[in-house]
Amino acid sequence: MTSTTTSVLSSTAAESDRPGSEWWRTAVIYQIYPRSFADASGDGIGDLRGITSRLDDLVSLGVDAVWLSPFYRSPQHDAGYDVADYRDVDPLFGTLADFDEMLAQAHARGIRVIVDLVPNHSSDQHEWFQAALAAEPGSPERARYMFRDGKGENGELPPNNWESVFGGPAWTRTTDPDGTPGQWYLHLFDVSQPDFDWSNPEVQEEFRSILRFWLDRGVDGFRVDVAHGLVKTDGLPDHLPSVDADSMGGGEEDVPYWGQDGVHEIYRDWNRVLAEYDGDRALCAEAWLPTVDKTALWVRPDEMHQAFNFPYLMTEWNAPAIRTVIAESLRAFPAVGAPATWVLSNHDVVRHASRLALTAENPQGHGIGPDSPGQPIPEVGLRRARAATTVMLALPGSAYLYQGEELGLPEVIQLPDDVRQDPTWFRTNRERYGRDGCRVPIPWTSDAPAYGFSPSGESWLPQPAEWADLARSSQEDDPESTLWLYRTLLATRRAHGLGSGRLEWLDGYGDDVLAFRVHADDGEVTVIANAGQAPVTLPAGTVLVASERFEGGELPVDTAVWLSTR
Ligand code: GLC
């Protein structure tokens with residue numbers, strides 16, 4: 001068996017310019033979706049005190065940091081991504097004091113905390129938008145958002161043909177105080193999420209101030225929502241998304257509202273704001289771009305520190321495709337001095353324990369339900385998910401986990417129609433199921449009400465009966481469980497320092513097999529993953545971790561292993 005070094009983590013001048021520990025270069029960051037994590041108040045919606053009560057479970061899992069999806073004041077039309085007050089906690093989730101306590105408790109345990117910043121749009125309940133509605137066209141109040149006159153004789157047609165990510169038109173007409181139809185405003189998402197006008201210095205200053213508000217409280221960074229939006233092409237030219245595009249622009253070139261050059265100036269400015277603070281705080285871009293190379297533009301030395309690797313997330317369980325995206329990522333991100341990042345699940349996509357066994361295309365945000373084509377076989381999905389995670393957690397760079405994946409949770413496909421809440425479901429006239437299936441509250445205790453999610457037994461989305469077996473308590477003492485697999489992977493990754501390792505591809509295993517070795521300061525690990533149809537003969541070595549139990553030297557299908565081959 002031969003080996004070739006085809007891709008390494010390179011060190012660049014840009015990289016060494018950056019001060020501090022730069023913990024985010026190698027961190028494993030766990031996404032908490034607050035409304036579905038743990039509910040201390042008993043209202044069926046998770047909250048900040050619930051998170052604090054479960055921090056020890058995250059310590060035993062072995063993660064370095066958490067990212068919290070929004071918990072700010074919000075009418076919750078898009079599960080909190082419609083923010084009405086960026087400087088306060090919604091009563092659903094608790095208070096600012098609860099936040100401070102959660103942050104202190106996390107820090108006391110060595111866990112860093114990243115919060116979600118939503119700068120592309122606010123809620124229509126935000127005081128600025130309410131003031132804009134009450135003000136005249138052309139007023140300073142309206143200039144904070146994207147108000148335009150309509151086309152047609154009486155302004156009855158929208159200013160252009162843009163579509164909302166959630167379906168339907170991206171423009172809504174306002175009604176003037178005297179009851180007559182007025183101007184239109186842009187909302188790339190729900191009608192309740194008006195887009196800011198980022199060419200307005202007042203908007204820019206407001207967000208600098210919001211960053212400082214949370215940095216002063218001690219947060220370690222921000223996950224930036226829709227970081228490829230914000231700036232729109234001058235003149236707002238017409239554009240229709242191509243049919244096979246992802247709803248957030250992945251797979252498409254030249255969209256007048258995604259990935260415009262001007263957006264980078266904003267992040268350079270924010271980078272300077274973060275640099276005013278002690279310690280190393282990080283900005284992570286949620287930017288759905290068609291390629292790794294484009295994504296890397298968001299993490300140039302004076303911009304953000306990380307960007308989610310969505311091209312990796314969207315790659316099917318196919319060894320050549322995975323090999324390509326890993327190699328491209330380990331070239332493109334280090335080339336600008338940034339770490340590669342890895343992610344398989346989040347609150348916007350079908351959970352990977354289901355997605356990796358889908359037999360039909362499933363663009364980001366579309367979701368699956370009882371009538372969707374290409375339904376996954378659960379056993380196949382879980383097996384592939386465990387193998388895929390085993391590959392991911394060996395890779396150099398930083399990795400993101402989404403709450404519940406450590407339990408092997410699948411997408412909840414059979415949710416009744418009348419409980420669905422994602423605006424996508426309503427705005428597409430129930431054509432796209434949307435994202436509720438990955439947001440069901442997670443099970444902690446198999447025999448408790450709501451599986452320990454809430455003391456009252458309430459749960460804002462119903463949990464399936466099968467989840468008793470997937471509850472954390474059912475997996476705690478089972479070495480074959482997904483929870484044990486994650487714990488072992490994370491402990492071994494940490495012990496060997498794999499996050500700052502160097503990847504070397506191994507040849508000779510055939511196309512359907514991923515084979516590589518990670519050389520790190522504290523050891524090296526050989527990773528073999530079988531995405532083919534037949535068992536694969538393993539090299540001599542000691543098994544450190546395997547995604548499934550197997551006997552002898554043959555690696556079964558849909559299985560991955562970490563070996564010590566010295
Ligand atoms: C991001 C969030 C998603 C939200 C959208 C609009 O993609 O991850 O959940 O719906 O932005 O804010």
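Read the numbers this way: they start at 1 and go in the same order the structure lists the ligands and their atoms.
- With ligand atoms numbered from 1 in the order given, ligand 1 contributes 10 (O) to contacts under 4.0 Å with heavy atoms of Phe166.
- The six-membered or imidazole ring of His347 lies near that of Tyr81, with a centre-to-centre distance under 6.0 Å.
- Of all protein heavy atoms, the one closest to atom 12 (O) of ligand 1 is Asp225 OD2, 2.8 Å.
- Considering only non-hydrogen protein atoms, atom 10 (O) of ligand 1 sits nearest to Asp78 OD2, 2.6 Å.
- Only the side chain of Arg223 comes within 4.0 Å of ligand 1, judged by heavy-atom distances.
- Within ligand 1, counting atoms from 1 as listed, the ones closer than 4.0 Å to a heavy atom of His121 are 6 (C), 12 (O).
- Aromatic pair Trp198/Phe207: centroids less than 6.0 angstrom apart.
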Test ring-ring contact (aromatic ring centres under 6.0 Å, His included) applied to Phe166 and Phe189, step by step: CA-CA 6 Å; Phe166 296 154; Phe189 295 88; 5.4 Å; yes
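- Heavy-atom proximity to His347, at under 4.0 Å, picks out these atoms of ligand 1: 2 (C), 3 (C), 8 (O), 9 (O).
- Aromatic ring centres of Phe99 and Tyr72: separated by at least 6.0 Å.
- A side-chain hydrogen bond (donor to acceptor under 3.5 Å, both in side chains) with Asp82 holds for exactly one of Ser74, Ser123, Ser192; it is Ser74.
- Of all protein heavy atoms, the one closest to atom 7 (O) of ligand 1 is Glu286 OE2, 2.7 Å.
- When only modelled atom types and interatomic distance are considered, Asp220 and Trp24 share no side-chain donor-acceptor pair under 3.5 Å.
- Checking Val83, Asp348, Thr424 against atom 3 (C) of ligand 1, the nearest heavy atom belongs to Asp348.
- Taking every non-hydrogen atom of Arg439 and a distance limit under 4.0 Å, the qualifying atoms of ligand 1 come out as 9 (O).
- Counting the atoms of ligand 1 from 1 in the order shown, those under 4.0 Å from a heavy atom of Met248 are 7 (O).
- In this structure, the ring of Trp67 has its center less than 6.0 angstrom from the ring center of Phe308.
- Remark: minimum distance from atom 5 (C) of ligand 1 to any protein heavy atom is reached at Phe189 CE2, 3.8 Å.
- Asp64 places a side-chain N or O within donor-acceptor distance of the main-chain N or O of Val28, the cut-off being under 3.5 Å.
- If you number the atoms of ligand 1 from 1 as listed, the ones under 4.0 Å from a heavy atom of Arg435 come out as 3 (C), 4 (C), 9 (O), 10 (O).
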